[in-house]
Structures are given as C-alpha cells and as structure tokens.
Visitor: 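This is the structure, below, for whatever I ask next.
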Amino acid sequence: MDKSGNAVLLIDDEPQIRRFLRAGYEFAGFSVREAASAAEGLKSATLTPPELIILDLGLPDLSGAEVLERIRSWSNAPIIVLSIEAREQEKVRLLKLGADDYVVKPFGIAELLARSDAALRRYFEGSMKAAIVKAGALTVDLALGVVTLSGRRIRLTRKEYRLLQILSTHLGLVVTHQQLLKEIWRDHQMHNIQYLRILVRKLREKIEENPNDPRILINESGVGYRLEPGSEESLSTTGKTKAKSETSV
Amino acid sequence: MRLIRSRETAVTTSGGKFASAMGNMHALWIRPKDLGRLIFNFPRSRPVVAAEPDQGFRFASYLRISAWQIIQALALVGLTTIVYFAIDHLGLLNFVPVVYMIPVVIAATRWGLLPAIVASIAGFLASDYFFSPPYYSFVMEDPQEIVDLLLFLGVALVTSDLAARLKDEADNLRAREKELADLYAFSRRLAACFTVPELILAIEEYLSITLGRPAVVIAGAASGGTGPVDHQSLPEPIRQQAVAMIATGALSSRTIVEPATQRVWLITSISTDYVDHGAIVVDLGLGPSDAIDARRRHVEVVLAEAITRLKRLDLAKAMNDANLRVQADQFKEALVGGVSHDLRTPIASILGFMSVLAKFPEIRDDDRIHPLVEAAQTEAKQLDNVIQNLLNATRITQQGIHPQREWVDPADIVNAAIKQRSHRLAGHRLTVDIGRDLPLAKVHSTMIEQAFGQLLENAAKYSQTGSTIKVSARAEQDRVVLSVCDEGAGLSPEEAQQLFKRAFRSPRHAASVPGSGLGLWIANTFVTANGGTLEVASRGAGLGTTASIWLADVCSETSELPAIVHG
C-alpha cells in the first residue's frame with residue numbers, strides 16, 4: 001500500500017505524545033499535521049481533510065466524543081482514538097459514535113500503525129469489497145464463501161461463517177459485541193453475549209492452531225473481537241518493523 | 001531522661017496572657033504568692049499547709065506568739081478593771097467577777113486556751129484584789145465571796161476551754177474550706193490545660209505555691225525532656241536518687257531523706273496507664289512525722305486530681321493522633337491519585353518514543369542496542385503497571401468499585417493476563433493448561449484479568465529466572481478456577497495470614513524485591529467484588545506458591561447453547 005500521499009492529523013494536547021507520533025508516522029511514510037486542541041483539530045480537518053485522524057480523548061476544550069461526532073457529521077475518514085482510561089463502556093460508545101478503532105495509552109507505535117493500516121485499508125477498499133482476506137494462515141474468500149486454513153478447506157456453520165465474514169470485512173479492526181450480536185442474530189439475541197462467546201469458541205476450534213491461545217480471532221476485553229491480520233499481512237505492508245514488539249506474546 | 005523546667009516550655013505554648021506574666025518569672029520559687037495571685041488569683045492569706053520553719057526557730061516563734069497573746073489577754077483584764085473602776089460608783093453590779101468573763105471569752109476565741117486561762121486567773125485575782133473586801137488585798141473575809149470567786153474561776157476555765165475548742169473547730173473549718181477552694185481552683189486550672197507540658201507546669205506551680213517549696217517534675221521517656229536542666233531547685237543527691245529511681249521504671253511513691261539537712265523529699269510518679277510522664281519531686285521539709293504525713297497526703301490528693309486530667313489528655317492526644325493519621329492517609333490518597341495521573345503521560349511518551357526508536361533499522365538490526373531499547377521498554381511498562389496499581393488503589397478507596405459483569409470465556413481472561421504481563425514472564429518457562437469446554441463466567445473481565453495478571457506478576461517476581469510457572473484454567477464443581485503455580489519463595493504461615501492486607505510487604509522480601517504491597521490487595525478486592533475468591537497457598541517458605549481465583553458465577557449449561565449458536 002502506498003502511503004506517501006496519506007496525511008495524518010494528530011489531535012492531542014500533549015506535545016511529547018504528538019512528537020513521538022509524528023516521528024512514528026513520518027517513519028511509516030505519512031505526512032503529518034498536528035493540532036493541540038479540539039478547535040484547532042476541527043479547523044484543520046475541515047480546511048484540508050486528512051486521510052487519517054488520531055484523536056486524543058483528553059482534550060482541554062471539548063470532549064473526545066463531541067469532536068468525533070462533529071467530524072463524523074461530514075467525513076468518513078478513519079478516526080483512531082487515543083485514551084488513557086481503559087474503560088470498556090467508553091470505548092464501546094466511541095466505536096458506536098463512529099471511531100474506527102482505539103488504542104489505550106501507553107501504547108507502542110507499531111500497534112497504532114497496525115490499526116492505522118487496517119483503518120486505511122477499510123477506508124480505501126471498502127467500496128471495492130476485497131474478495132479475499134488473509135489473516136495469518138487463514139484465507140477467507142468472501143466472494144465464494146470459502147474458508148481455507150493453510151490451504152486446506154474448512155467447513156463452518158452458517159453462524160460461524162457470518163461471524164468470520166463480519167470480522168474479515170473489518171480486518172485488523174475491533175468489532176463490538178453489540179455489532180456482532182446484531183448482525184449474526186439480528187435483533188433476537190442482542191443481550192445474550194454468552195451465545196457469541198460460545199460461537200467464538202467454536203470458530204476458534206476450527207481456525208486457530210491452538211484454540212486456547214488464539215492468534216487470529218483476538219478478544220478485546222469488554223469491547224469485542226478483532227481479526228488479526230497476522231505477521232504475513234504486516235510483512236507485506238509495513239515490512240518487518242511490526243514484528244517482535246507488540247503482536248506476539 | 002532529663003530534668004525539665006517545664007514552666008519554660010509552657011510559656012511558649014500557653015499564649016500571651018501567660019507570657020507577659022512570665023516576664024520576671026526567674027524568681028518563681030522566691031515569690032510564690034505573687035505568682036499565685038498572678039495565675040490562680042489566690043487570696044493573700046497564708047497557705048493551707050503552712051511552710052514550717054526549722055524546729056528551733058519554730059519553737060521560739062511559738063513562745064513569742066504565745067507571750068504576746070498572754071500580754072494582750074492581761075491587758076484586756078487590766079482594761080476591764082479600769083473600766084469597772086470608772087463605773088463602780090454607779091453601783092450597777094453586785095457580782096463583780098462576771099465582768100471578767102468578757103476578757104476570758106475574748107482571749108479564748110481570739111488566741112486560744114492558754115491566754116484564756118491566764119485571763120481567767122488574772123480576772124479572779126483582780127476581782128479578789130480590787131473588789132472584794134478588804135480591798136487591795138488578796139485576803140477574803142466573806143465566805144460567800146470566796147465561793148463566788150472560785151465559781152467564777154471554774155466557769156471561766158470551762159468557758160475558756162469550750163471557746164478555744166470552738167475556735168479550733170472554726171479554724172479547721174476555715175482551713176478545710178480554703179483547701180477545698182484551692183483544690184477547686186487547681187482543678188479549674190487543670191481543666192484549662194490542653195497539653196501535657198501545660199499540665200505538668202500547673203502541678204509544679206501549684207505544689208510550689210501551696211508548700212512554699214520547690215516541686216520539680218523530672219520528665220519520663222514519653223514527655224521528652226525540654227528546656228534546660230534545673231540544677232537550682234533540687235539538691236544534687238536528691239536529683240541523682242530521683243533520676244535513678246525513675247530509670248528503674250517501677251517507681252510509685254516514696255520518700256527519701258536528704259542526708260545533709262535531714263529534709264524529707266517525696267518522689268511520686270505521675271504516669272498514667274498509657275504514658276509515663278516521669279515523676280515529681282517535692283520538698284516536704286522538716287518536722288514531726290505527722291506534719292510530713294499531712295503534707296504528703298495533700299500532695300497525693302493534688303497529684304491524683306492531676307493524673308485524672310492527665311489520663312484524659314493522653315486519651316485526647318491519642319484520638320488527635322489517630323485523627324492526624326486519617327488526614328495523612330487522605331492526603332496520601334490525593335497525592336497518589338494526582339501524581340499517578342501526572343506520571344502516566346510522560347511514561348506514555350517514553351514508551352512511544354522507545355517503540356519508534358525500535359523501528360529504526362540502525363537500532364532494530366544492532367544486536368547490542370536493540371536489547372537495550374527493549375529492556376528500557378520493559379522497565380517503562382513495569383513502571384506504568386506500578387502507577388496503574390496506585391491509581392487502582394486510590395480509586396478503590398475513594399470511589400469503591402462497580403464491576404459491570406458479563407459472560408466471559410475464562411480462556412480469554414487467562415490469555416489477556418498473560419499478554420499484559422508478557423514482559424515480566426519472559427525470563428520464565430510458562431506452561432498454560434486451559435480445560436476444554438469451560439463454563440463461561442459472569443465477571444467484569446478487565447478486573448479479573450488484572451487480578452490474574454497480578455498473580456502472574458507475583459509468581460515471576462518471587463521465583464528464580466528460568467523456573468517454571470504453571471498456569472491453568474479448569475472447571476471444578478460449580479466453579480471455574482484460574483491458578484498460577486510457581487516454584488519460588490513460597491509463603492511462611494505468618495506471611496500467608498497478612499497477604500491480602502493493603503500495603504503488606506513481607507520482611508523477607510521488603511529489601512530485595514521492589515513492590516508497593518498493593519498488588520495482591522487490589523487483586524483480592526477485584527476478585528471479591530466479582531463474587532469470586534482469591535486463594536494463595538504454599539507448603540512453606542521456599543516451597544513455591546499456588547495462587548487461585550475461584551469464580552462462582554458460571555454458566556454451566558454451555559453444552560445446551562450450541563443449538564442456538566448453530567441454529
């Protein structure tokens with residue numbers, strides 16, 4: 001993916017955080033713009049719309065949620081939220097308001113760049129609906145409805161496939177429990193999260209090498225699930241850089 | 001232990017009114033009455049238990065006083081005779097001796113028995129000499145006169161005795177009244193003492209004034225000696241003895257005799273049940289043993305009163321101290337909360353910068369530098385964990401915890417906790433055993449993750465690098481057990497008892513392994529709030545530890561769910 005043209009707008013009131021974000025994004029080939037307040041950020045985003053927005057929630061002049069809503073009212077550009085508090089409900093609310101993903105401080109730049117990649121991919125390819133999605137050894141052919149693991153075809157139930165399909169279209173991005181429940185069971189089982197847990201467990205048994213140590217279908221505590229693009233994917237986009245530091249245990 | 005002149009310390013504590021009076025206080029022992037008026041507003045009368053002068057001097061003065069009173073009594077008799085002479089020609093009185101009852105009664109009520117007896121005899125003689133024929137002679141002719149005069153003498157003597165007794169009673173009553181008033185004033189004064197030094201000063205002053213002699217408090221260990229050592233008011237041998245006796249600690253009350261002067265000194269401890277305030281040394285002076293005893297009793301009454309007040313002050317002080325501790329705790333909480341927030345942003349920056357650094361090929365590919373960057377990252381993460389713990393502890397104390405529980409796969413909890421603490425577990429062999437088809441647990445997942453992460457962290461912290469840490473999740477009856485088993489330091493029975501106390505650190509590790517003692521307390525709080533139980537077991541020190549989280553609220557009918565899931 002060519003990112004040389006992509007502009008990222010960093011909205012954060014902490015100069016030191018902006019500084020390392022700038023270094024990281026510039027290293028990854030982005031052109032970087034900074035804003036130290038919500039007002040400045042909104043102005044900058046309106047004047048020259050960026051391809052990606054990194055939004056800190058602890059801004060002094062406006063709540064993160066409000067900034068998010070205002071940008072979303074006219075723009076579909078990916079927004080990744082930075083938060084200090086690891087409060088699940090807050091994260092879910094922000095995702096519902098239109099944030100594409102979040103990272104919790106303190107975080108490594110590799111994690112944020114991976115989220116950025118995923119968000120940009122979805123932003124640019126969303127209209128084209130990429131037919132084939134790869135996550136580690138897993139390949140999902142969305143057009144044919146065929147799932148293969150290391151080249152071998154695996155059989156999934158309808159609900160398992162639906163779950164994998166939703167996660168695949170959000171490859172690398174978190175999808176909330178509510179969103180999954182709603183899309184898999186329609187409105188019938190909205191609050192029965194245990195069904196989702198069991199479904200995930202069943203799916204993991206089929207797609208994960210070790211279902212008890214999942215590397216593809218990742219749990220985001222209290223928020224949702226994420227289909228991890230895996231190391232092969234990250235090698236193809238940002239090189240080896242992401243490798244050791246964040247993704248693997 | 002030091003001799004103190006606590007009145008000097010009290011000057012600084014008890015404010016202006018006192019301080020101005022203290023301006024010329026160096027002569028305290030010399031002018032006790034002045035001080036008494038100044039502080040207690042005592043009347044100017046002589047003290048209750050009068051300062052008794054030396055014996056020889058006292059006898060002489062007694063003689064002098066008695067002689068003077070006798071002369072006064074005789075003068076009264078003389079005066080009566082002259083007055084009677086003046087009015088005798090009016091022939092108003094037939095029975096002359098009755099007139100002499102006047103000086104007798106006056107002498108008895110004013111000066112006591114001896115002058116009254118002298119007045120009676122003088123009256124008898126004067127009556128005989130001047131007014132019974134033959135006049136100007138002691139000879140009596142009329143037997144009736146003789147009987148009358150003897151009768152007069154008898155009545156006068158009895159009256160003298162009665163009146164003198166009455167006088168003594170009245171004197172005693174007045175003295176007791178005065179004593180009570182003084183004690184009352186003393187307790188009022190005590191009630192106005194709000195610190196121990198003030199109180200000790202009051203005792204010293206009161207005893208010095210009422211006895212007219214030095215009373216010196218020797219500070220005990222608790223009071224902490226203040227001010228210069230008062231060498232002036234205590235003779236050296238007494239001071240030495242007193243200090244030696246206080247040092248033994250078992251001192252109650254006893255008297256010692258100063259060898260050089262034979263003066264008796266009383267040493268009494270003024271300690272309460274709670275605090276040892278030292279002892280007071282009082283000069284009881286010289287005199288017969290009953291006088292010494294009376295003075296001693298007086299001192300003891302005063303001290304009993306003072307010690308009651310002292311107990312209350314000790315209690316008040318203890319309560320005040322406790323109050324201060326609570327305030328200090330609140331301050332600490334606020335400080336921890338504020339500081340933690342301020343620390344987290346720079347740490348987030350540091351970790352960010354490190355992660356950017358680690359991406360540069362120059363560093364990434366350099367085998368010498370890359371491990372350093374990774375190590376720095378690990379340490380910064382560790383620091384962040386510590387601050388997170390402080391924040392959690394503050395939050396728990398200030399706001400309590402409000403878990404939002406939902407169904408969670410225990411495997412996800414275990415994996416998330418392992419991922420969170422991966423930097424800590426890197427040096428150990430980790431085996432993970434997660435049972436098949438575990439029931440879901442209804443918990444606030446991040447809380448249990450953090451609690452389990454703390455167990456992992458402790459296992460890594462208190463066991464050798466390279467040793468094995470076994471992690472398991474299994475179903476047991478109606479519960480799910482998440483456990484961490486290490487081969488490390490283990491727990492002594494005493495440590496096991498105190499493990500969940502806030503800020504507990506075992507003395508075994510306090511110096512060698514860093515920590516705040518908050519981790520396990522937070523873990524326990526989180527687990528309990530989620531309806532679970534945290535158990536830490538060890539076969540003993542050095543024999544490894546097994547820490548388990550038991551989650552009770554589980555959904556065991558997961559086997560029935562697939563119907564809906566697949567349907």
Side-chain angles (χ1 to χ4, degrees), chain A residues 14-17 19-24 27-28 58 82 84 86-89 105-113 157-160 177 185 188-189 191-202 204 210-214 218-222 238-246 248-249, chain B residues 341 344-361 364 370 373-374 377 380-381 384 388 404 406-409 411-416 418-419 422 425 430 432-438 440 442 444-446 448-450 473 555 557-559 561-562 564-567:
Chain A
E14 295 287 341
Q16 294 306 320
I17 302 278
R19 207 171 145 199
F20 95 74
L21 290 178
R22 170 179 280 276
F27 182 83
L82 308 181
I84 288 190
R87 275 200 210 111
E88 300 79 41
Q89 284 185 320
K105 290 179 183 175
F107 56 87
I109 195 73
E111 189 186 356
L112 183 58
L113 285 175
T157 65
R158 260 191 311 136
K159 285 201 160 44
E160 284 164 1
H177 297 135
W185 282 277
H188 307 312
Q189 308 290 348
H191 304 292
N192 287 337
I193 193 176
Q194 63 266 48
Y195 299 159
L196 182 62
R197 297 285 186 206
I198 299 299
L199 183 63
V200 166
R201 197 184 269 178
K202 298 291 168 199
R204 275 175 177 165
N210 176 3
N212 279 334
D213 184 14
I218 301 299
N219 174 59
E220 288 290 339
S221 292
T238 47
K240 290 198 297 182
T241 47
K242 182 191 289 192
K244 302 164 202 167
S245 50
E246 307 293 330
S248 58
V249 177
Chain B
H341 260 296
R344 286 201 90 189
T345 306
I347 287 175
S349 312
I350 290 169
L351 275 165
F353 283 121
M354 289 291 173
S355 69
V356 174
L357 272 181
K359 284 182 81 75
F360 283 93
R364 191 185 66 218
H370 191 243
V373 174
E374 277 199 336
Q377 271 180 302
K381 268 186 197 165
D384 190 61
Q388 179 70 53
Q404 262 120 32
E406 57 173 27
W407 295 106
V408 182
D409 192 335
D412 283 337
I413 292 177
V414 171
N415 286 321
I418 292 174
K419 192 179 171 189
S422 57
L425 298 166
L430 191 70
V432 183
D433 174 23
I434 298 175
R436 278 185 67 83
D437 289 325
L438 287 179
L440 299 178
K442 194 166 194 178
H444 188 131
S445 55
T446 45
I448 304 299
E449 278 166 29
Q450 199 155 5
C555 171
E557 73 273 27
T558 45
S559 48
L561 287 175
I564 303 165
V565 172
H566 291 284

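We name chains A, B, ... by the order of the sequence lines, and we start the count at 1 in each one. Since the model is a prediction, treat every value here as computed from it, not as a measurement.
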Visitor: Find the one option among Leu425(B), Val408(B), Ile413(B) whose heavy-atom pairs under 4.5 Å with chain A are most numerous.
Guide: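 Looking at each option in turn, the highest pair count goes to Val408(B).
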
Visitor: Do the two ring centres, one from Phe107(A) and one from Phe20(A), sit under 6.0 Å apart?
Guide: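 That pair passes the under 6.0 Å test.
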
Visitor: If I measure from the heavy atoms of chain A, does Val414(B) come under 4.5 Å with its side chain, its backbone, both, or neither?
Guide: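 Nothing of Val414(B), per the 4.5 Å heavy-atom cut-off to chain A.
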
Visitor: Pick one of side chain, backbone, both or neither for Gln404(B), based on which atoms fall under 4.5 Å of a heavy atom in chain A.
Guide: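 Side chain only.
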
Visitor: Identify which of Asn212(A), Leu112(A), Ile17(A) forms the greatest number of heavy-atom pairs closer than 4.5 Å to chain B.
Guide: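 The option with the most such pairs is Asn212(A).
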
Visitor: Using the salt bridge (charged side-chain N to carboxylate O under 4.0 Å, His left out) criterion, which residues pair with Arg22(A)? Sequence neighbours excluded.
Guide: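 Only Glu26(A), Glu34(A) meet the salt bridge (charged side-chain N to carboxylate O under 4.0 Å, His left out) criterion with Arg22(A).
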
Visitor: Starting at OG of Ser221(A), measure out to CD1 of Ile448(B) and round the result to the nearest 0.5 Å.
Guide: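 Output value for this atom pair is 11.0 Å.
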
Visitor: Output yes when a side-chain donor or acceptor of Arg204(A) lies under 3.5 Å from a complementary backbone atom of Leu199(A), and no otherwise.
Guide: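 Judged by distance alone, no pair lies under 3.5 Å.
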
Visitor: Given heavy-atom pairs under 4.5 angstrom as the criterion, report whether the side chain, backbone, both or neither of Gln89(A) touches chain B.
Guide: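 Gln89(A) touches chain B through side-chain heavy atoms alone.
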
Visitor: Highest number of heavy-atom pairs under 4.5 Å with chain A: which of Asp433(B), Leu351(B), Ile350(B), Val356(B)?
Guide: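 Heavy-atom pairs under 4.5 Å are most numerous for Val356(B).
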
Visitor: Given heavy-atom pairs under 4.5 angstrom as the criterion, report whether the side chain, backbone, both or neither of Asp384(B) touches chain A.
Guide: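 Asp384(B) touches chain A through side-chain heavy atoms alone.
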
Visitor: I would like to know whether Glu406(B) and His444(B) meet side-chain hydrogen bond (donor to acceptor under 3.5 Å, both in side chains); could you show each step before the answer?
Guide: CA-CA 6 Å; Glu406(B) 57 173 27; His444(B) 188 131; over 6 Å; no

Visitor: Sort out for me which of Arg197(A), Glu220(A), Arg19(A) touches chain B most, counting heavy-atom pairs under 4.5 Å.
Guide: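 Highest number of heavy-atom pairs under 4.5 Å: Arg197(A).
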
Visitor: If the condition is side chain to side chain donor-acceptor pair (under 3.5 Å), which residues does Glu14(A) pass it with, not counting sequence neighbours?
Guide: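 Once residues adjacent in sequence are excluded, Glu14(A) has no partner under the side chain to side chain donor-acceptor pair (under 3.5 Å) criterion.
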
